[in-house]
Amino acid sequence: MNGWTKKDLIGLEVLSKDEIDLILETAVSFKEISTRQVKKVPTLRGKTIVLFFFEPSTRTRSSFELAAKRLSADTLNISTSTSAVKKGETVKDTIKNIEAMQVDAIIIRHPASGIAQALSNCVGPSIINAGDGCHEHPTQGLLDIFTIKEKKGRIKGLNVSIIGDISHSRVARSNIWGLKKLGARITLCGPRTLIPKGIEKMGVNVTTSLPQALENADVVNILRIQRERQKAGLFPSLREYAMRYGVSKEKLEKYAKDDVLIMHPGPMNRGIEITPDVADGSFSVILEQVTNGIAVRMAVLYLVCQAQAEEEGQES
Ligand code: CP
């Protein structure tokens with residue numbers, strides 16, 4: 001494929017294998033910029049990128065902001081507490097007002113599944129989904145895939161196990177769509193109450209047994225247990241969850257391959273879904289995922305802004 005043509009990045013479900021490969025290849029060339037003494041190139045000089053976060057975020061927001069700044073774009077941060085949404089304005093009206101300020105891209109995180117797609121249909125700037133409800137978190141999926149490829153040299157044929165709350169995880173969905181397109185075999189593992197019925201239709205294996213999910217896995221991606229789910233009665237106690245599904249060094253030594261890769265999108269609940277000796281251990285690439293997030297987000301910002309510029313050029 002020669003170039004990127006999409007204005008937006010809503011999810012990995014709607015991307016082709018070639019489009020995912022293009023983002024990953026572009027990210028490889030951007031990764032080196034962050035290792036320079038002067039971590040800046042003029043690629044997006046004159047562009048304005050808005051970060052609109054309706055939910056808390058450490059990694060995604062700062063990673064997108066650094067990615068934009070390293071490409072020399074101007075950035076503007078808006079959050080729920082500082083926006084007029086708090087006074088009753090709709091998200092659509094807020095975004096239309098931001099659009100009227102002639103910005104180029106809007107990165108949005110919001111608890112409503114599908115909001116990124118809905119907004120992309122009604123505004124001109126690129127919409128980049130930074131996590132919408134339980135739907136998708138495409139740049140997390142991409143940075144996870146980038147990290148696996150960097151460490152294992154390939155995606156095709158790898159066994160990837162995703163452990164935890166699959167039902168409420170946008171990270172799981174983006175990983176499943178992306179990894180399947182690139183030829184990985186996926187096993188989902190967690191309590192039955194946290195695995196959506198019929199998810200096997202996505203072409204994944206499902207197990208409630210952690211030992212089974214660890215055996216033969218080349219990669220184990222551990223999801224954050226969302227504590228509020230316990231209140232909803234979806235699992236009995238954090239202690240029991242940690243015993244049955246918490247990934248510990250002892251369990252890895254007993255069941256997993258010698259070269260297993262341990263991933264977690266963050267934020268982690270140490271001692272619940274992952275023990276500190278695994279999080280900080282030699283198999284863990286958790287902080288490398290964070291480092292790679294900047295390169296992947298630089299690639300996404302570059303590609304969508306380039307597509308916008310080409311479209312504008314054709315129109316004029
Ligand atoms: N992985 C992730 O989305 O982390 P944040 O919530 O800190 O952005």
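Each ligand, and each atom within it, is numbered from 1 in the order the structure gives. Sequential numbering from 1 along the given sequence is applied to the chain's residues.
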Parallel, tilted or perpendicular for Y241 and F235, by the 30°/60° rule? tilted
Cationic N near anionic O, under 4.0 Å, E250 to K254: no
Only pairs at least two apart or in different chains count here, so list each side chain to side chain donor-acceptor pair (under 3.5 Å) that has a residue in residues 108-122. T60-R109, R109-H137, Q117-S120, Q117-N121
Of N216, L214, N205, which is the lone residue that meets side-chain contact (heavy atoms from CB on, under 4.5 Å) with T187? N205
Out of curiosity, is R109 lining ligand 1, as in a heavy atom under 4.0 Å away? yes
What part of H137, side chain from CB on, backbone N/CA/C/O, both or neither, has a heavy atom under 4.0 Å from ligand 1? side chain
A student checking ligand 1 against G266 at a 4.0 Å heavy-atom cut-off should list atoms 1 (N), 2 (C), 4 (O)
Can you find an N/O atom of T58 closer than 3.5 Å to an N/O atom of ligand 1? yes
Atom 4 (O) of ligand 1 sits nearest the protein heavy atom R59 NE, 3.0 Å
Salt bridge or not for R36 and E32, using N-O below 4.0 Å? yes
Based purely on interatomic distance, does P265 place a nitrogen or oxygen under 3.5 Å from a nitrogen or oxygen of ligand 1? yes
More than 12 heavy atoms of other residues, nucleotides or ligands under 6.0 Å from OH of Y302: is that the case? no
Out of all atoms in ligand 1, which are within 4.0 Å of some heavy atom of T60? Include the element for each. 2 (C), 3 (O), 4 (O), 5 (P), 8 (O)
